Amino acid sequence: MEDVEARAEDFRQKYLYAMAEIENVRKRSARQSEETVQAFKRRLLLRLLPVLDNLQRALAFRDSDEMREGLAATLRGFEEALEAEGVRPILTTGERFDPNLAEAIGTERVLDEQNDTVLAEAQRGYLLGRDLLRPARVIVVKNE
């Protein structure tokens, strides 16, 4: 009888181990699938951001009101599409410089501003969810 009970316990342990392993495989597979999707999204969005940059630059030119209105509508639609995918702009101008979100590409002396304040954005940065998609490129105040 003890032999039968020992074998039954052995089978029970093997069953529990197999069930735990199946659950681990399922979780690992789901995580890998999510990582693959995020990597694809990241590549796609990095390709689209230069288009957004060009639309933003084109709006700076004021040659024609109709052209400006059309570009503004295109830009709004593009920004809405990015937002729907979880992309948010990083607002840096006037804020304290954060090297985790922005890359300083230059400095400027401005006596009535505090050091390390972002004076201007050369290129907007973006977050994908809580992850940094692209850092902002900024000009920072340095009065020293």
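In this text the structure is predicted, and so the values were computed from the model without any measurement.
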Would you check if [X] and [Y] make a side-chain contact, meaning some heavy-atom pair closer than 4.5 Å?
X	Y	value
Phe97	Val141	no
Gln123	Arg134	yes
Leu55	Leu71	yes

- Query: Knowing that exactly one of Leu127, Leu49, Ile90 qualifies, which makes a side-chain contact (heavy atoms from CB on, under 4.5 Å) with Leu133?
  - Reply: Leu49
- Message: Let's go through Thr93 and Glu121 carefully: what are the C-alpha distance in whole Å and the side-chain angles of both, what is the deciding distance for side-chain hydrogen bond (donor to acceptor under 3.5 Å, both in side chains) to 0.1 Å, and is it a yes or a no?
- Response: CA-CA 6 Å; Thr93 304; Glu121 265 182 355; 4.6 Å; no
- Working for salt bridge (Lys or Arg N to Asp or Glu O under 4.0 Å), residues Arg26 and Glu23: CA-CA 5 Å; Arg26 187 191 65 74; Glu23 183 64 18; 2.5 Å; yes
- After noting the C-alpha distance and the side-chain angles of Glu85 and Lys41, does the key distance pass the salt bridge (Lys or Arg N to Asp or Glu O under 4.0 Å) rule? CA-CA 9 Å; Glu85 292 299 322; Lys41 258 183 157 177; 3.7 Å; yes
- Task: Using the salt bridge (Lys or Arg N to Asp or Glu O under 4.0 Å) rule, take Asp116 and Lys142 through it: C-alpha gap first, then chi angles, then the decisive distance, then the call.
- Result: CA-CA 6 Å; Asp116 296 326; Lys142 283 291 180 195; 2.5 Å; yes
- Query: Any chance CD of Gln114 has more than 12 other-residue heavy atoms, nucleotides or ligands included, within less than 6.0 Å?
  - Reply: no
How many angstroms lie between [atom1] in [X] and [atom2] in [Y], if you round to the nearest 0.5 Å?
X	Y	atom1	atom2	answer
Asn115	Thr117	CG	OG1	7.5 Å
Thr92	Arg124	OG1	CZ	7.5 Å
Gln56	Glu79	CD	CD	6.0 Å

- Task: Verify salt bridge (Lys or Arg N to Asp or Glu O under 4.0 Å) between Asp3 and Arg7, making sure each step is shown before the conclusion.
- Result: CA-CA 6 Å; Asp3 187 48; Arg7 288 185 65 202; 5.4 Å; no
- Query: Are the side chain of Ser29 and the backbone N or O of Val25 linked by a donor-acceptor pair below 3.5 Å?
  - Reply: no
